[in-house]
Amino acid sequence: MEEFRKAILQTGPPENFALQTVQDVIKPQKLTKLAQDENQLLENILRRLLQELVSSAAQSAEPIMQYGMSIDDNETSQGHIPRLLDIVLYLCEKEHVEGGMIFQLLEDLTEMSTLRNCKDIFGYIESKQDILGKQELFARGKLVMLRTCNQLLRRLSKASDVVFCGRILMFLAHFFPLSERSAVNIKGVFNTSNETKYEKEPPDGFSIDFNFYKTFWSLQEYFCNPASLTLASTKWQKFTSSLTVVLNTFDAQPLSDEEGDANMLEEESATFSIKYLTSSKLMGLELKDPSFRRHVLVQCLILFDYLKAPGKNEKDVPSETLREEIKSCEERVKKLLEVTPPRGKEFLQKIEHILERENNWVWWKRDGCPPFEKQPIEKKTTHDATKKRRPRWRLGNKELSQLWKWADQNPNALTDPQRVRTPAISEYWKPLAEDMDESAGIEAEYHHKSNRVYCWKGLRFSARQDLEGFSRFTDHGIEGVVPLELLPPDVRSKYQAKPNERSKRAKKEETKGAVRQAEENQMATPASENDGEGTRSDPDGPSVAMDADTTVAAGSVSQGGTPTPEENKQSSDTDIGQEAGQLEADAEVEPGMIDGETDAEVDLDTAVILTRKVAVLFGCFGCYKTAHAVELRIINDQEELQVLLLLIS
């Protein structure tokens with residue numbers, strides 16, 4: 001022990017003499033690290049030396065952390081006890097002795113000291129927080145440090161030693177990680193020992209309503225243990241009735257801005273107190289105190305926030321009626337906080353922000369307090385020689401190679417008729433027909449007509465197997481392509497062709513056949529013979545038109561002599577167009593209207609319908625540019641209509 005007394009008096013850093021002092025005292029088997037029994041012997045020696053130093057400091061009536069301090073040549077040396085702690089801390093940090101030895105000495109020191117000296121001791125602990133928090137020391141002494149701080153908190157007064165208690169709690173928050181389970185109160189136990197005592201009987205000369213006094217302070221019983229409100233409905237009803245009385249009193253006695261400004265000046269000059277006095281004589285003054293009102297209203301918000309928070313089980317969730325009552329009370333409390341001076345709106349916003357962050361901690365505790373720390377991902381360095389080569393597949397990837405392997409094992413795998421087949425029209429359109437039934441109630445999002453791939457495949461199948469149904473796509477859309485026998489009776493009537501529509505279709509087919517026959521006759525017969533025979537075979541025909549043709553032909557010959565091939569071609573085209581027009585007019589001699597539409601309108605509708613069909617057919621065969629060009633055709637005159645009809649036929 002005398003060697004350590006001499007070491008304490010030495011100047012210079014501890015690394016110059018600390019290890020040599022231990023070797024002189026213990027004479028260990030190893031030069032740099034002590035065995036278990038040697039650590040125990042050294043710990044007993046140091047604890048005894050520390051006890052003697054504390055006793056000497058108490059006898060000299062000096063603060064123990066300043067005992068032995070000397071001032072020479074304007075240089076201040078450390079006291080004996082801080083010097084001893086520095087030596088032991090260095091030995092623990094370098095792992096020459098057991099890491100938990102420094103924590104044990106600090107615990108003994110706080111137990112032997114008064115509260116005034118404990119403040120200086122805790123200041124030393126705070127200054128060495130970075131070293132004490134290292135992993136090699138923290139793992140050995142975290143429980144001892146936690147026990148030391150809790151013992152200090154029990155000795156301190158929560159009313160007069162508020163600052164010191166806050167220092168201890170802040171140290172524990174920084175010293176322990178966020179995921180430390182010993183400091184999160186996983187079970188959610190409330191401090192029910194913090195009782196608020198108040199008068200049960202009215203004193204003599206009481207000036208205010210004593211019933212209100214008892215009602216007001218009885219709320220602290222529920223604030224102390226909020227879980228009791230969820231166990232019995234009678235307690236919740238009693239709490240809400242008492243709270244309503246208090247809130248009505250606050251509404252009836254609003255505070256002015258002058259009272260709020262005066263209270264703010266008093267708070268800046270006065271010390272903070274954690275509890276208010278419950279004397280009945282002070283009730284009138286406390287009701288005029290804005291700070292007092294804020295404390296009570298904030299307690300209400302904390303209670304409501306706890307009741308709304310979800311529990312671990314579904315049974316812990318509050319009922320719907322309870323939620324509505326909580327919401328109404330919460331809104332009323334917030335309004336009172338907002339109108340309480342000074343700066344009520346700003347104060348309310350800060351409280352709401354704090355409660356919102358508190359909800360994050362509630363969810364974290366409900367999930368079992370998972371650790372926040374994530375270990376960094378180690379990058380694996382692989383040499384080029386040890387890199388694995390990617391497997392090479394016979395057909396490019398694993399799936400195709402597996403299919404080929406199955407085909408080798410089963411020769412009929414690729415020739416099976418059930419493997420790939422084109423479904424029948426009735427089978428393919430059956431899902432869409434079921435969706436079209438209004439009684440099924442299929443939403444538009446899940447309707448088969450919203451599936452573009454399904455509709456595109458169905459149009460291709462209908463173009464190959466059901467041209468009649470395919471033709472209904474222009475008028476009725478994709479639902480018109482569905483075979484009529486698959487539709488319900490009430491839906492089928494919308495898509496069935498009417499008799500007048502059938503007559504229109506027959507008339508269009510006759511017109512198209514007449515035009516096609518006229519074109520074939522014109523192409524097979526020479527122009528000159530066609531002119532002559534046409535005159536002889538149709539004596540009752542329109543001779544005026546033929547004379548006009550003859551005049552035009554004669555004029556062209558007289559002007560240029562022998563007609564050129566281009567002129568012959570132009571004359572032939574003109575004759576063909578006129579002849580086609582003559583025959584089409586003869587075919588449509590029937591007077592009047594066809595189902596309310598003129599012949600020109602019927603032909604125009606026919607061209608538009610057939611144009612769309614041609615566009616769809618071109619698209620099915622891959623000619624997308626041609627399909628787009630056909631769709632954009634605009635039929636302006638009769639000649640273009642005839643050419644388009646010839647092209648479609």
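None of these values were measured; they are calculated from a predicted model.
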Visitor: Consider side-chain contact (heavy atoms from CB on, under 4.5 Å). Of Thr148, Leu152, Leu146, which one does Asn150 pass it with?
Guide: Leu146
Visitor: With side chain to side chain contact (heavy atoms under 4.5 Å, CB included) as the test, would you mind laying out the steps for Asp108 and Gln51 before giving the verdict?
Guide: CA-CA 8 Å; Asp108 293 345; Gln51 185 177 1; over 6 Å; no
Visitor: Please walk me through it: do Phe250 and Leu255 pass side chain to side chain contact (heavy atoms under 4.5 Å, CB included)?
Guide: CA-CA 9 Å; Phe250 286 172; Leu255 299 177; over 6 Å; no
Visitor: Measure the CD1-CG distance between Ile131 and Leu89 for me, rounded to the nearest 0.5 Å.
Guide: 5.0 Å
Visitor: Out of the candidates Ile45, Ile87, Leu91, Val88, only one should pair with Val22 under the side-chain contact (heavy atoms from CB on, under 4.5 Å) rule; please name it.
Guide: Leu91
Visitor: Are Ser113 and Ile121 close enough that some pair of their side-chain heavy atoms sits under 4.5 Å apart?
Guide: yes
Visitor: Which atoms form the tightest heavy-atom contact between Leu19 and His96, and what is the distance?
Guide: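 It is CD1-CG, 3.9 Å.
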Visitor: To the nearest 0.5 Å, how far apart are OG in Ser280 and CG in Asp209?
Guide: 12.0 Å
Visitor: Can you tell whether the side chains of Glu330 and Lys334 come within less than 4.0 Å, N to carboxylate O?
Guide: yes
Visitor: Are side-chain N/O atoms of Tyr306 and Thr230 paired as donor and acceptor at under 3.5 Å?
Guide: no
Visitor: Salt bridge or not for Glu52 and Arg5, using N-O below 4.0 Å?
Guide: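 Counted as a salt bridge, because a side-chain N and a carboxylate O are separated by less than 4.0 Å.
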Visitor: Taking it one step at a time, do Glu93 and Lys128 satisfy salt bridge (charged side-chain N to carboxylate O under 4.0 Å, His left out)?
Guide: CA-CA 12 Å; Glu93 183 183 5; Lys128 304 298 181 181; over 6 Å; no
Visitor: Looking at Ile81 and Met65, what are the two nearest heavy atoms and their distance?
Guide: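 Looking at all heavy atoms of both residues, the shortest contact is CG2-SD, 4.2 Å.
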Visitor: Given the rule in the side chain to side chain contact (heavy atoms under 4.5 Å, CB included) test, do Trp363 and Arg366 qualify, once you have shown the distances and angles that lead to the verdict?
Guide: CA-CA 5 Å; Trp363 281 102; Arg366 183 186 179 187; 3.0 Å; yes
Visitor: Parallel under 30°, tilted from 30 to 60°, perpendicular over 60°: which one fits the rings of Phe171 and Phe175?
Guide: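 Because their plane-to-plane angle is under 30°, the rings of Phe171 and Phe175 count as parallel.
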Visitor: To the nearest 0.5 Å, tell me how far Ile8 CD1 sits from Arg83 CZ.
Guide: 9.0 Å
Visitor: Taking the side chain as C-beta and beyond, is there a heavy-atom pair between Glu98 and Gln104 under 4.5 Å?
Guide: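 Heavy-atom side-chain distance check fails, nothing below 4.5 Å.
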Visitor: How close do Gln237 and Thr240 get, counting heavy atoms only, and between which atoms?
Guide: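 Here Gln237 and Thr240 meet closest at O-OG1, 2.8 Å.
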Visitor: How many angstroms lie between atom SG of Cys165 and atom CZ of Arg155, to the nearest 0.5 angstrom?
Guide: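 Answer for the SG-CZ pair, Cys165 versus Arg155, is 12.0 Å.
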Visitor: Do the side chains of Phe347 and Pro342 get nearer than 4.5 Å, heavy atoms only?
Guide: no
Visitor: Please find the pair of heavy atoms, one from Phe223 and one from Cys300, that lie closest to each other, and give the distance.
Guide: CZ-SG, 3.7 Å
Visitor: Could you walk me through whether Tyr213 and Phe216 satisfy the ring pair (Phe, Tyr, Trp, His ring centres under 6.0 Å) test, starting with their C-alpha distance in whole Å, then the side-chain angles of each, then the deciding distance to 0.1 Å, before giving a yes or no?
Guide: CA-CA 5 Å; Tyr213 168 81; Phe216 179 84; 8.3 Å; no
Visitor: Among side-chain atoms of Gln20 and Asp24, is any donor-acceptor pair under 3.5 angstrom?
Guide: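 Looking only at side-chain atoms, Asp24 and Gln20 do form a donor-acceptor pair, the distance falling under 3.5 Å.
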Visitor: Taking the side chain as every heavy atom from C-beta outward, state whether Met145 and Leu106 have any atom pair closer than 4.5 Å.
Guide: yes
Visitor: Would you call the rings of Phe239 and Trp236 parallel, tilted or perpendicular, where under 30° means parallel and over 60° means perpendicular?
Guide: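 Tilted.
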Visitor: Heavy atoms, side chains only, cut-off 4.5 Å: are Ile125 and Leu132 in contact?
Guide: yes
Visitor: Locate the shortest heavy-atom distance separating Ser127 from Tyr124; write the atom from each residue and the value.
Guide: OG-O, 2.6 Å
Visitor: Less than 4.5 Å apart, any side-chain heavy atom of Leu247 and any of Leu297?
Guide: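 Result yes, sub-4.5 Å side-chain heavy-atom pair found.
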Visitor: For Arg294, does the CZ atom have more than 12 heavy-atom neighbours from other residues, nucleotides or ligands under 6.0 Å away?
Guide: yes
Visitor: Assess whether side chain to side chain contact (heavy atoms under 4.5 Å, CB included) is satisfied between Leu337 and Leu301, documenting all intermediate values.
Guide: CA-CA 10 Å; Leu337 271 176; Leu301 291 181; 3.5 Å; yes
Visitor: Measure the shortest side-chain to side-chain distance between Arg332 and Thr244 over non-hydrogen atoms and say whether it is less than 4.5 angstrom.
Guide: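 Contact flag for Arg332/Thr244 side chains = yes.
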Visitor: What's the shortest heavy-atom distance between Pro177 and Phe138, and which atoms?
Guide: CD-CZ, 3.8 Å
Visitor: May I ask you to test the Ser279-Glu199 pair for a side-chain heavy-atom distance under 4.5 Å?
Guide: yes
